[in-house]
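Structure first, then comments.
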Amino acid sequence: MSTRTKYNPKEIESKWQTRWDTEQVYHAPDDSPKPKFYNLVMLPYPSGDLHMGHWYHYSSADAYGRFMAMRGYNVMQPMGFDAFGLPAENAAIKRGIQARDWTLSNIENMRKQLRAMGARWDWQREIVSCLPDYYKWTQWLFLQFYKHNLAYRTKAPANWCPNCNTTLANEQVLPNGTCERCGTVVIRKEIDQWLLKISAYAEELRHFKGIEWPEKTITMQQNWIGRSEGAEIRFMTEIDGKQEEIPVFTTRPDTIFGATFFVLAPEHPWVAKITAPGQQAEVAAYVEQAQRMTEIERMSTEKEKTGVFTGGYVINPLNGEKIQVWIADYVLMGYGVGAIMGVPAHDQRDFEFARKFGIEIREVIRAENEEPSDPATWTEAHVNMGVLVNSGPFDGTPDSEAIQRVTKHIEEQGIGKYMVTYRLRDWLVSRQRYWGAPIPIIYCPKDGTVPVPEEQLPVRLPEHVQFRATGESPLRYEEDFLHTICPTCGGPATREVDTMDTFMDSSWYYLRYADPQNGEQAWSPEAMKRWLPVDQYTGGIEHAILHLLYSRFFTKALRDMGHLTFDEPFTRLFHQGMILGADGQKMSKSRGNVESPDSYVTKYSADTVRCYMMFIGPFDAGGLFKGENLEGVWRFLNRFWNVVSESWVAGNISTEQTTASKAIEQMRHKTIKRVTEDVSHFRFNTALAALMEFNNVLVKQQNEVVAHTASYRKASETMMQLLAPLAPHITEELWEITGHTQSVHATEWPTFDEAMTHDDTFTLVIQVNGKVRERVEVPTTITEDEVRKIALTNAKVAPFIGDSTVQKVVYIPGRLANIVVRN
RNA sequence: GCCGACGUGGCGGAAUGGUAUACGCGUCUGUCUCAAAAACAGAUUCUGAAAGGAUUGAGGGUUCGAGUCCCUCUGUCGGCACCA
């Protein structure tokens, strides 16, 4: 009999990590006969260290991947690095090193940490977005967008972060008007920018056909995209003696007879033209002031309405009325057509504006049962439904019909049309920074904007540059980079010095994992068809709009270009929660509540940290990291180690069936059922609780006779398999110690027999009027009559019935009997 | 302001309309030890000597029976917010 061994994680974890690595057991082969399962996690930014959030995210996602592998899938679970971006550049400026060196050494460190988790990463598929063999294809993709008119350059007011010294996409400006990265207040700046025409896919992006995503995420994307149905109506004006038309967008064409003024956004191209000479100074001042405003100031809803009369007029095409043209910053250039008709009676914003500037408020819709009243006495706009009044030929029309009737009318008259607008604006991808993929465009004095020919890719980012303290991109001063030859005429030309938003890199990395080493193509059609789309994607909800929306856009655009054959990149999406410090606050150095996962791996084991992360609570809820709570998981793993290793050295295995062995067998089946269902639904916390319960039972019985039965041995075998996805090292080691030759992770997931999950007896709960009065152990075969008899004659129950009349006995088979009595 | 989710022991949390508080942490008691740690055994929602009573943010409703379903309120969190 061998002596008892102690759980020694240091030794076994490095032993198995090395073995898995050298034997490449987690590489997903392209030619497996098994069905594929693409298990993806959002790739990390190489900040230098894997933090608690990474462990939380990746432990569970890996457990799921391991579970699916044991269920017979060819699981592809890749890992890579989203390696371009500002932190590298800032570190370079601060420390006088190269961004590339900083990034690559961080990656090196994080690879080690990722290995120490014991996850089944497919390292052969690793991608690093800042390396030329990756960003070559990011550039290639940009060129495809350009070729299909989905990338364009324009001079427009852009969100500018004065701290990061670069433009930002709308999605990167937080709701409070600050920079997503650094929290600085974003201002607007007019410069030439490259944009991707995501708005062309607004309608399709609103739909989520055939995918299982959290409702919340879908709603967030739909709100972000927005959609308003209405009409574009052209108002007439006269400029320099010429008849001109200015369109407005409205969702309420039925209220057009109530339009008493007209408003242009301050940035509207017609502002200068329509402004009367006498008003020019005032208008110019207002426009300038609006431009200077930060996003915060402009977005404040508390703000009182402001505006300036331009001195110009337009004519309402329906009633021929001449109304004043104003400019006001509550009208946004980026929505609709940047111009509105002001209907103060039935729109609260227009109401406030009209009140402030003394403009007429004219009622054109009256709610049913509403007494006629003077709009001048109103305190707010009347937005309820009703029937049209003061609306010429439309008087008396219920406004439920009026929208359609007026729209039809203006279409027939040729003064407007039905129109849908979206809130979603095009994606600004230019960044005035160095550490990103160069935009593959050349500017030639003769040929203008010329895309870099595909065979000249990649446009290499210089690897050794002089950083500037201001954060200004060093690229524009890199003469070798800047000056080039025009691909069209061969003459001298300059390169675009802006680089691409890092979200460009991450919008397609999941495609590259399918075919990561392909030097000829971004991916081959075969690899694409074999692996994509992603079956399960796990990542934080903070990317609900940014990365997840961009990736969907890429997928749809690339499908239309013929490069992909599916509509959605991520079939099933799961958001893990956020892990907080023990004080309930976000972990941060300034708060001093940061905990390093590495120190807990050293103190306990990787398996302990993994299991603890899964045990904190529901995976989508996140939770607080409390170091002391790891003790519980650590004790569990030790007890598990001891009970398995000891029971397997004990000899004399009996195959005799006893009451005790049958009970163990039943619990084994119940546990398989619970764990299988829980892990399938990402409920790792309750799966672990079930395993702990089973283990507690095995521990309790390890000195009993039953510990020498085949059932008991089978139970510990099942425990190893069920725990394997969660704690891969300890189970692998025990599996080997107990004489198995194959890896536990390569075994088939245990199955259960439904009949075996039911006990022979159950605890019958006896209630009187819904209150529990007694519990009796009875056989499951018991009949209702027997239950009634037991319930009504039970000595402990009797006093609660007393002299009252028993009205009925509700019996729920297998559970309880409720005696209903009335006095 | 609008929309959505949530509120359970000292703590993290568990509960197909059917035994509330599983599992774990912490705490207390005990065993072992010169002692401590570890490990092991037991206790641990509140109240009560016990029988019992009360208890899932507050109040109401549906039901034989409600943490779970419905209504009102309240608190916390998340999203949106001058989008015509």
Side-chain angles (χ1 to χ4, degrees), chain A residues 175 214-217 219-224 226-228 230-231 248-253 255 263 265 298-306 328-332 334-343 346-350 352-353 421-425 541-542 544-545 578 582 611-612 615-618 620-621 623-636 638-639 642 683 685-696 699-700 762-775 796 799-800 807-822:
Chain A
E215 208 49 54
K216 192 186 168 120
T217 313
T219 307
M220 279 169 71
Q221 288 206 357
Q222 284 173 336
N223 288 343
W224 184 260
R227 182 180 196 269
S228 323
V248 297
F249 173 73
T250 177
T251 55
R252 297 295 303 276
T255 63
V263 190
R298 176 134 185 188
M299 290 194 304
S300 165
T301 51
E302 307 292 297
K303 208 183 93 188
E304 212 183 310
K305 297 278 174 295
T306 59
D329 63 6
Y330 82 93
V331 175
L332 310 170
Y335 192 75
V337 292
I340 62 153
M341 58 180 197
V343 183
H346 307 293
D347 180 283
Q348 185 59 27
R349 296 152 301 180
D350 296 347
E352 287 165 22
F353 191 81
T421 60
Y422 298 90
R423 207 191 85 111
L424 181 70
R425 290 183 238 171
I541 195 162
E542 65 274 17
I545 295 171
M578 208 204 296
C611 289
Y612 168 67
F615 196 57
I616 287 177
D620 56 0
L624 315 187
F625 180 91
K626 289 194 179 159
E628 61 188 23
N629 287 4
L630 274 88
E631 285 291 342
V633 179
W634 169 247
R635 285 176 198 147
F636 160 65
N638 274 282
R639 280 197 294 263
N642 293 338
R683 296 190 299 246
N685 56 329
T686 47
L688 203 45
L691 289 166
M692 285 174 172
E693 282 180 53
F694 194 24
N695 195 56
N696 288 343
V699 168
K700 243 190 186 103
F762 71 95
T763 309
L764 174 71
V765 172
I766 305 171
Q767 299 181 331
V768 178
N769 284 350
K771 275 192 191 309
V772 179
R773 296 304 179 188
E774 179 63 314
R775 296 180 173 91
K796 272 190 82 178
F800 295 97
Q807 295 209 319
K808 62 174 166 177
V809 178
V810 179
Y811 174 53
I812 307 299
R815 291 192 182 275
L816 57 76
N818 187 13
I819 304 166
V820 183
V821 301
R822 289 280 178 277

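Each chain gets a letter, A, B and so on, in the order its sequence line appears, and its residues count up from 1.
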For this session: Please state the C1' separation for the pair B/U63 and B/G17 - nearest whole angstrom.
Result: 9 Å

Exercise. Hey, what do you get for CG (A/L424) to OH (A/Y335), rounding to the nearest 0.5 Å?
Worked result: 11.0 Å

Exercise. Is A/K626 side chain donor-acceptor paired with the B/C25 base, going by distance under 3.5 Å alone?
Worked result: no

Exercise. Are A/M341 and A/T255 side-chain neighbours, meaning at least one heavy-atom pair lies under 4.5 Å?
Worked result: yes

Problem set entry | C1'-based separation of B/C6 from B/G13 [nearest Å] | 14 Å

Exercise. What interatomic distance, in whole Å, is found between P of B/U21 and the corresponding atom of B/U45?
Worked result: 9 Å

Exercise. Looking at A/Y330, is A/K305 sitting on its ring face, NZ or CZ under 6.0 Å from the six-membered ring centre and within 45 degrees of the normal?
Worked result: yes

Exercise. Can you check whether A/K771 has a side-chain N or O nearer than 4.0 Å to OP1 or OP2 of B/A66?
Worked result: no

For this session: Using whole Å, report how far CD of A/E304 lies from C1' of B/C82.
Result: 13 Å

Exercise. Using the purine O4'-C1'-N9-C4 or pyrimidine O4'-C1'-N1-C2 torsion, is B/G9 syn (within 90° of 0) or anti?
Worked result: syn

Problem set entry | P spacing across the pair B/U44 / B/A22, given as an integer number of angstrom | 10 Å

For this session: Give A/N696 one of three labels, base, sugar-phosphate or nothing, depending on what nucleic acid heavy atoms sit under 4.0 Å from its own.
Result: sugar-phosphate

Problem set entry | Nucleotide forming a Watson-Crick or wobble pair with B/C2, both distances under 3.5 Å | B/G79

Shorter than 3.5 Å, N or O on both sides, protein versus nucleotides 26-31 of chain B: list them out with atom names.
unit_1 : atom_1 : unit_2 : atom_2 : d
B/G26  : OP2    : A/R635 : NH1    : 3.3

Seminar exercise, completed: With sequence neighbours left out, the residues meeting side chain to side chain donor-acceptor pair (under 3.5 Å) with A/T219 are none

For this session: Pick the P atom in B/C11 and in B/A58, then give their distance to the nearest Å.
Result: 15 Å

For this session: Please measure how far the P atom in B/U76 lies from the corresponding atom in B/G67, and state the result in whole Å.
Result: 25 Å

For this session: Determine the contact category for A/R227: base if any of its heavy atoms lies under 4.0 Å from a base atom, sugar-phosphate if only primed atoms, P, OP1 or OP2 are that close, otherwise nothing.
Result: nothing

Considering only nitrogen or oxygen atoms on both sides, find all protein atoms under 3.5 Å from nucleotides 61-65 of chain B and state each distance.
unit_1 : atom_1 : unit_2 : atom_2 : d
B/C64  : O2'    : A/N818 : ND2    : 3.2
B/C64  : O2     : A/N818 : ND2    : 2.8

For this session: Round to a whole Å and report the spacing from CD1 of A/I340 to P of B/C82.
Result: 14 Å

For this session: For nucleotides B/A5 and B/G60, find the distance between their P atoms and express it as a whole number of Å.
Result: 25 Å

For this session: Using a cut-off of strictly less than 4.0 Å, decide whether A/T251 has a side-chain nitrogen or oxygen near OP1 or OP2 of B/A84.
Result: no

Problem set entry | Whole-Å C1' distance, B/A66 and B/C71 | 15 Å

Problem set entry | Integer-rounded Å distance: B/C82 P and A/R252 CZ | 20 Å

Exercise. Side-chain donor or acceptor of A/R773 under 3.5 Å from a matching atom on the base of B/U19?
Worked result: no

Exercise. OP1, OP2 of B/A14 versus side-chain N and O of A/N685: anything below 4.0 Å?
Worked result: yes

Exercise. Do you know the tightest heavy-atom contact between A/L688 and A/C611?
Worked result: CD2-O, 3.4 Å

